[in-house]
Protein chains: 2
Amino acid sequence: MNFSTSEENYIKAIYHLQQANNLVTTNELATELNTKAASVTDMLKKLKTKKMLHYEPYQGFTLSNEGKKVALGIVRKHRLWEYFLVNKLEFGWDEVHSIAEELEHIHSPVLIEKLDAYLSYPKFDPHGDPIPDINGKMETTKQINLTDLELNAKAEVSAVGSQSSELLELLRHKNIGIGTVLEVIRKFTFDNSIEIVIKKNPPFSISHQLAQTLFVKPLYVSATDGSITK
Amino acid sequence: MNFSTSEENYIKAIYHLQQANNLVTTNELATELNTKAASVTDMLKKLKTKKMLHYEPYQGFTLSNEGKKVALGIVRKHRLWEYFLVNKLEFGWDEVHSIAEELEHIHSPVLIEKLDAYLSYPKFDPHGDPIPDINGKMETTKQINLTDLELNAKAEVSAVGSQSSELLELLRHKNIGIGTVLEVIRKFTFDNSIEIVIKKNPPFSISHQLAQTLFVKPLYVSATDGSITK
DNA sequence: AATAGTTTTTAGATTTGCCTAAAAATAAAT
DNA sequence: ATTTATTTTTAGGCAAATCTAAAAACTATT
């Protein structure tokens, strides 16, 4: 089956929304895509005839299994291109989202397989999001929100919750990126800000708002030799 | 100014046609783009309002200077992506044309500049065609048609006249590619086929039709030390 | 359970890019 | 220089994807 750029964008957006919500509504999707509810209804009818979703008027909708496969294919392309842009072309990870949004609609399947091989089959994109393999399978490392990390625990930053350039600019300024190992040394209840330390650098504090957008994988210190593992 | 994929394809096609012909006609362009004359007329009117071409009804048309700049930008993108696909992703040079046809419409200018740098500023694509630089300038090595190469002259294959996969399959079979050094050892007037030799391999003959699609840069043997130069 | 408020869908237009069929302009041929 | 043939343009329509405005269906509230 063949899809237009527009159809692919709808399918991808539905996929992301139903990760959070399960049932997706017309207005949600319209907001996500910066379009109008009426346009969404039109496209839903089309995607239903293509068997991409389960949809009854007024009842909300979710992707069918077939729809999920298509969505994962697009996500795969998006994240592989992001990886390429950052790790080969030396873009900053806060600059690549919109370019990947165009590249993800290039159709050739063999192109993506060769790109994947060229990049040595990466498992995570530059934002820490897992890259689906050719069958749609991907890592589901349990990552937790930084606000839920316990005091004095070490953890490795594994994902950021959004791709807004404002956020990524702030992270760059604070020298926080995917893979950064940090430790929470204080939590302030007044404003829920937390103080963290990275390596041997001076500690500094980050806002609750920022901490909420950061996801980490806790690291456990070995009881026997003190070495750090995941 | 912003252009749709369709507008870009028209501009590119006009560019290629006017390399050969100077004045381009409606029917030529319709044939080139596998579309109908009426559609071409529609688009010509649009491109004229965008100042991309000089066009008076019934009189034929050519690109304006602005139009040429746009065309060279698209050609640049196309050829850089082809280079990338062949030299980094290990595609065969006969497989990349249609993929590059999609990639050439990705808009980000900084992407192309970073890609160019990543590829170390190549001057020719895998088919031997010169890659325009960011200002639209490109190599204009005088290459001649293989049918015009004189007997017993050595030459290096520098371009192929078409990208049809039938042609490229044949070239691959005969082990002829960009950079191949060959020598014409006989010409047959009966069917205009020519016999060539590559390195120390046994000579073989190629048809007039094939020779016509091959362009070469003659190599000159030094009178003093016998070394080969361009 | 009736009303008020919100969400979703339908109805009808618009734009882009394409088409067919017919008319107009140009080119060729007697 | 007419007639014939070819090329190009115009006229009118179609499909995709969007929109606004209005109707219909759901939800919440008294």
Side-chain angles (χ1 to χ4, degrees), chain A residues 1-14 17-18 20-63 67 70-71 74 101-102 104-105 107, chain B residues 1-15 17-18 20-63 67 70-71 74 101-102 104-107:
Chain A
M1 186 123 44
N2 255 13
F3 297 98
S4 68
T5 295
S6 189
E7 289 171 321
E8 289 190 348
N9 283 335
Y10 273 86
I11 291 171
K12 189 181 64 154
I14 296 167
L17 287 175
Q18 79 179 24
N21 262 17
N22 229 18
L23 245 206
V24 185
T25 69
T26 303
N27 264 355
E28 269 171 24
L29 186 50
T31 305
E32 176 77 14
L33 290 170
N34 289 309
T35 184
K36 297 298 150 68
S39 310
V40 171
T41 303
D42 284 348
M43 185 59 89
L44 290 177
K45 283 191 267 187
K46 185 143 68 109
L47 291 177
K48 191 188 179 177
T49 70
K50 289 197 170 188
K51 302 238 164 79
M52 289 298 111
L53 26 95
H54 303 298
Y55 163 58
E56 291 306 321
Y58 296 102
Q59 300 304 134
F61 44 89
T62 54
L63 292 178
V70 173
I74 302 165
E101 204 110 78
E102 281 192 75
E104 75 193 5
H105 300 294
H107 286 111
Chain B
M1 184 124 43
N2 254 14
F3 298 97
S4 68
T5 294
S6 188
E7 289 171 322
E8 290 190 347
N9 283 335
Y10 273 86
I11 291 171
K12 189 180 63 155
I14 296 168
Y15 174 82
L17 287 176
Q18 80 179 23
N21 262 14
N22 230 16
L23 247 207
V24 185
T25 69
T26 303
N27 264 356
E28 267 172 25
L29 185 49
T31 305
E32 176 77 13
L33 291 169
N34 288 309
T35 185
K36 297 297 149 71
S39 310
V40 170
T41 303
D42 285 349
M43 185 60 88
L44 290 177
K45 283 192 266 186
K46 186 143 68 109
L47 291 178
K48 189 185 181 179
T49 70
K50 289 197 169 187
K51 303 237 164 82
M52 289 298 111
L53 26 96
H54 304 298
Y55 163 58
E56 290 307 321
Y58 296 100
Q59 301 305 134
F61 44 91
T62 54
L63 292 178
V70 173
I74 302 165
E101 204 111 78
E102 281 192 76
E104 76 192 4
H105 301 294
I106 302 291
H107 287 111

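Every value quoted in this text rests on a predicted model; they were computed, and no experiment measured them. Chain letters run A, B, ... following the sequence lines, proteins first, then strands; residues in each count from 1.
In this model, the phosphate group of dT18(D) is approached by a side-chain N or O of Ser6(A) to a distance below 4.0 Å at OP1 or OP2. Within the structure, a side-chain polar atom (N or O) of Thr35(B) is placed less than 4.0 Å from OP1 or OP2 of dC19(C). For Ser4(B) and dT16(C), the shortest distance from a side-chain N or O to OP1 or OP2 is not below 4.0 Å. When the side-chain nitrogen and oxygen atoms of Lys45(A) are compared with OP1 and OP2 of dT10(C), one or more of them lie within a distance under 4.0 Å. Remark: Thr41(A) is in phosphate contact with dT9(C), judged by side-chain N or O atoms under 4.0 Å from OP1 or OP2.
Checked against dA25(D), dC19(C), dT9(D), the side chain of Pro57(B) finds its nearest nucleotide in dT9(D). Closest to the side chain of Asn27(B), out of dG17(C), dC19(D), dT8(D), is dT8(D). Among the nucleotides dC19(C), dA24(D), dG17(C), the one closest to the side chain of Lys46(B) is dG17(C). Checking dC19(C), dT9(C), dC19(D) against the side-chain heavy atoms of Ala38(B) singles out dC19(C) as nearest. With dC26(D), dC19(C), dT8(D) as the choices, the nucleotide that has an atom nearest any side-chain atom of Thr25(B) turns out to be dT8(D).
Contact annotation: the side chain of Gln59(A) never approaches that of His54(A) to less than 4.5 Å [non-hydrogen atoms, C-beta and beyond]. Side-chain contact between Val24(A) and Tyr55(A) is absent, with no heavy-atom pair separated by less than 4.5 Å. A heavy-atom distance below 4.5 Å is not found between the side chains of Glu7(A) and Met52(A).
Between the side chain of Glu8(B) and the backbone N or O of Ile74(B), no donor-acceptor pair lies under 3.5 Å. One N or O on the side chain of Lys50(B) and one on the backbone of Asn2(B) form a donor-acceptor pair closer than 3.5 Å.
Between the CD atom of Glu7(A) and the P atom of dA15(D) there is a distance of 16 Å, given to the nearest Å. Put simply, CZ on Phe3(B) is 12 Å from P on dG17(C), counting in whole angstrom units. Rounded to an integer number of Å, the gap from Leu44(A) CG to dA17(D) P is 13 Å. Rounded to an integer number of Å, the gap from NZ of Lys36(A) to P of dT20(D) is 4 Å. If you measure from atom CG of Leu29(B) to atom P of dT7(D), you get 15 Å, rounded to the nearest angstrom. Counting to the nearest Å, the C1' atom of dA17(D) and the NZ atom of Lys50(A) are 13 Å from each other. What separates CD of Gln59(A) from P of dT27(D) is a distance of 7 Å, to the nearest Å. Look at CG on Leu33(B): it is 8 Å from P on dC18(C), rounded to the nearest Å.
Across all strands, Tyr55(A) comes closer than 4.0 Å only to sugar-phosphate atoms, never to a base (heavy-atom distances). Here Tyr10(B) lies in heavy-atom contact (under 4.0 Å) with sugar-phosphate atoms only. At a threshold of 4.0 angstrom between heavy atoms, the contacts of Thr26(B) are confined to the sugar-phosphate backbone, with no base atom among them.
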Practice prompt. Just do the salt bridge (charged side-chain N to carboxylate O under 4.0 Å, His left out) check on Lys12(A) and Glu32(A) with the steps written out, would you?
Written response: CA-CA 11 Å; Lys12(A) 189 181 64 154; Glu32(A) 176 77 14; over 6 Å; no
